Amino acid sequence: LCGDNTDQCHHLETFTQKLSEKLSTSDRTMTLQMEKVYNDLESLSLSPLPCNSPSVLGDQGCSCETCTDSCQVNAADGYYHSAGVCAMYSTCKNKEGKEAPCVGNTRAKYLTDEVRSSLEELCPSFQPGLLGCCDGKSVEVMKSLLGLAGTLIKCHNCYNNLAKLFCNVFCHADQSTYLSILEKVADGDSDFSVSKFSYHVKESTGKELYESCLNDRGGITDLICITKFGKGCTSYLDFIHAIGDNGVTTFDIQFKFEVEDPFVLDDPKLLSCNEEFNGYSCMCEDCPAACVNDFDDHFVHQQGVCLINSENISNGTKSFSVQSSELMEQVCPDLRNLKEVCCTSKDLELIQKVHEDHQSTLGNCGACYNNIKRYMCHVACSPDQSTFTTIAMDTNTNKKQINHFLNDKSTLADSCAFHNEPKEPINDSRFYSEILGFLISELYSGFSYSVNDKNFRTDGIKATKPKNLRNCYDDGEEKCDCGHCEETCTNDNYQHSENLCLFYDTCEGDFPCVNSTAPRPVSPSDEKFYNDLLSTCPQYTNSSVCCTH
């Protein structure tokens, strides 16, 4: 009744006045009755009761949901873990002066209208109750975390899922039932900022989040993994791990998929990429499951059957004899032994033209440049073209889309990751959507393009792999230099070859001395060194070595 000014309720007049205001009544009878109750209680000289104590009437104390003292303290971390309790609340400054989550260990609080409005905008699929574990400062931190992702992500549901996950972590009123503080740091305000916490969540949530973002044209999955691992994601575990420990946020999240007492596994119920929400779902380019394949009902998908060439959709045409052996030898030498193909001479001429037109941008790395040509030859000319190709209708753009199914997306993309020496390598998603997609659209005019590494729902579709793809570091004429292939780099500026030492002798503190020098022959005349080497590393007594006594 009295809000924060509980001292006022010690005065009978204030108490009855506020009660009348609360009940929106000035009924004198009601006031007199309340005066009697108040006087009766005051005559007993009762001390205020803790909220978890039984009342004078024998009633049970308040439950954990309205009384933190009734909550069970977890012996492992010393915090309350119950519905309606926050493990963290608001933000406070960490040692670096940056905003980090604050240790809460308190009941969830009423969400202000301003916070509720911000949450509806920030994470529309999150449905807050009356209470929550975040305030305006928490929301601002989440906005900064999700801001960059929002500019990169093209698929609505990928963003919605990522936002909902963060809102569940920071705002849900039952936060403490699945969060545990692992590391905290005292700050200047006598609060504790949280630097690491565990999040108990269903493993299916990690898979759903990863799959909803996997094919996004913005390449968010690979971008997050490159930040952590220096390369793209290989599984949902990589993605989840990189989100939790990314080196950018002021806190680390340890995702746990196992049930541990007293925690439950959170289940945010994420959206699949093709699921409609608020009138939107992901576009076909970002979500293969969103492609409505209007053409597959009357297309044949089997070996020896073509589906498309540069001039038209061939609608189940049988593969045919090579029209020009000389042109095939020149453009697609890896396929010169094929007796039947699905490409015309015009297709081969277009492949050659597209390839040559982009030599200035793709020709810096031989493996990349020639792998793209091998890929275009394979998807255009393979006599089994229909077994790895579908044609879908993108319902968002009403544009026909070619889908290719590969069982090795990474070799081709990795060979071109540094093709033009960008500051950051081009991830798989960007390579296929921006670079290869552009080249394929020049070959098949009027079509958009998508690539997938999973078998499609249509019978007869099977992922394929172009022949003779090269890694950028493979020895030979197509090997790329360090500027265009990370694997060929040695980043320490020393020579690396046979019969050459990197370390020789020891320096102060018995550390190896860096000394790029030729190994020294072992001499039996140096009796102590020879005998020690014989007992320690006998295989080197008859050769030159990079170690001294």
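Excluded from the calculations below are hydrogen atoms, water molecules and symmetry mates; all remaining heavy atoms, backbone and side chain alike, are included. Small disclaimer: the values here were computed from a predicted structure and weren't measured.
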Quiz prompt | Verdict with reasoning, C368 to C480, per disulfide (SG to SG under 2.5 Å) | solution = CA-CA 9 Å; C368 167; C480 305; over 6 Å; no
Spacing of [atom1] belonging to [X] relative to [atom2] belonging to [Y], to within rounding of 0.5 Å:
X: L182; Y: I253; atom1: CG; atom2: CD1; answer: 11.0 Å
X: S180; Y: Y199; atom1: OG; atom2: OH; answer: 14.0 Å
X: K93; Y: T250; atom1: NZ; atom2: OG1; answer: 10.5 Å
X: L209; Y: S204; atom1: CG; atom2: OG; answer: 11.5 Å
X: T106; Y: M88; atom1: OG1; atom2: CE; answer: 14.0 Å
X: I153; Y: I220; atom1: CD1; atom2: CD1; answer: 4.5 Å

Which heavy-atom pair separates [X] from [Y] by the least distance, and what is that distance?
X: I440; Y: Y375; answer: CD1-CE2, 4.1 Å
X: P268; Y: V201; answer: CD-CG2, 4.1 Å
X: T390; Y: F405; answer: OG1-CE1, 3.7 Å
X: A87; Y: I181; answer: O-CD1, 3.4 Å
X: V115; Y: D135; answer: CG2-C, 3.8 Å
X: V139; Y: S118; answer: CG1-CB, 3.6 Å

Show the atom names and distances, to 0.1 Å, of all donor-acceptor pairs under 3.5 Å that link a side chain in residues 223-234 to residues at least two apart or in another chain.
from	atom 1	to	atom 2	distance (Å)
T227	OG1	L223	O	2.9
K228	NZ	D245	OD2	3.0
T234	OG1	D238	OD2	2.5

Quiz prompt | side-chain contact (heavy atoms from CB on, under 4.5 Å) assessment of F257 paired with L237 | solution = CA-CA 11 Å; F257 302 131; L237 293 174; 3.8 Å; yes
Examine distances only and state if a side-chain atom of [X] and a backbone atom of [Y] form a donor-acceptor pair shorter than 3.5 Å.
X: N161; Y: L271; answer: yes
X: D474; Y: N471; answer: yes
X: H81; Y: S176; answer: yes

Would you say [X] and [Y] make side-chain contact, with heavy atoms under 4.5 Å?
X: I243; Y: L162; answer: yes
X: L469; Y: S415; answer: no
X: N94; Y: F251; answer: no
X: F197; Y: V169; answer: yes
X: S144; Y: E99; answer: no
X: D286; Y: C158; answer: no
X: I435; Y: C416; answer: no
X: L111; Y: C134; answer: yes

Practice problem: Mind checking side chain to side chain donor-acceptor pair (under 3.5 Å) for Y210 and listing every partner two or more places apart, or none if nothing turns up? | Solution: none
Exercise. For N160, check side chain to side chain donor-acceptor pair (under 3.5 Å) against everything at least two apart and list the hits.
Key: none
Exercise. Go through the steps for T464 and L406 under the test side-chain contact (heavy atoms from CB on, under 4.5 Å), then give the verdict.
Key: CA-CA 5 Å; T464 186; L406 302 182; 3.9 Å; yes
Quiz item: Which residue pairs pass the salt bridge (Lys or Arg N to Asp or Glu O under 4.0 Å) test with at least one member in residues 148-174, sequence neighbours excluded?
Solution: none
Quiz item: Between C133 and C86, does the SG-SG distance stay under 2.5 Å?
Solution: yes
Practice problem: Answer yes or no: is the gap between the SG atoms of C273 and C155 smaller than 2.5 Å? | Solution: no
Self-check item: Between Q175 and Y89: side-chain donor-acceptor atoms closer than 3.5 Å
Solution: no
Applying salt bridge (Lys or Arg N to Asp or Glu O under 4.0 Å), name anything that partners [X], two or more places apart in sequence or on another chain.
X: K465; value: D408
X: E140; value: K143
X: K256; value: E260
X: K202; value: D267

Exercise. Apply side-chain contact (heavy atoms from CB on, under 4.5 Å) to S117 and list each qualifying residue two or more places apart in sequence or on a separate chain.
Key: none
Practice problem: Please list, chain by chain and in numerical order, all residues satisfying side-chain contact (heavy atoms from CB on, under 4.5 Å) with S195, sequence neighbours excluded. | Solution: E183, V185
Practice problem: Taking the six-membered ring for Trp and the full ring for Phe, Tyr or His, determine whether the centres of Y178 and F263 are under 6.0 Å apart. | Solution: no
Practice problem: Using the side-chain contact (heavy atoms from CB on, under 4.5 Å) rule, take C167 and M142 through it: C-alpha gap first, then chi angles, then the decisive distance, then the call. | Solution: CA-CA 8 Å; C167 283; M142 284 194 292; 4.2 Å; yes
Practice problem: Applying side-chain contact (heavy atoms from CB on, under 4.5 Å), run through T506 and F511 and close with a yes or a no. | Solution: CA-CA 5 Å; T506 58; F511 292 110; over 6 Å; no
Exercise. Taking disulfide bond (SG atoms under 2.5 Å apart) as the test, write out the residues that go with C513, two or more places apart.
Key: C507
Quiz item: Pairs in or reaching into residues 103-156: which pass ring pair (Phe, Tyr, Trp, His ring centres under 6.0 Å), with residues at least two apart or in two chains?
Solution: H156-Y280
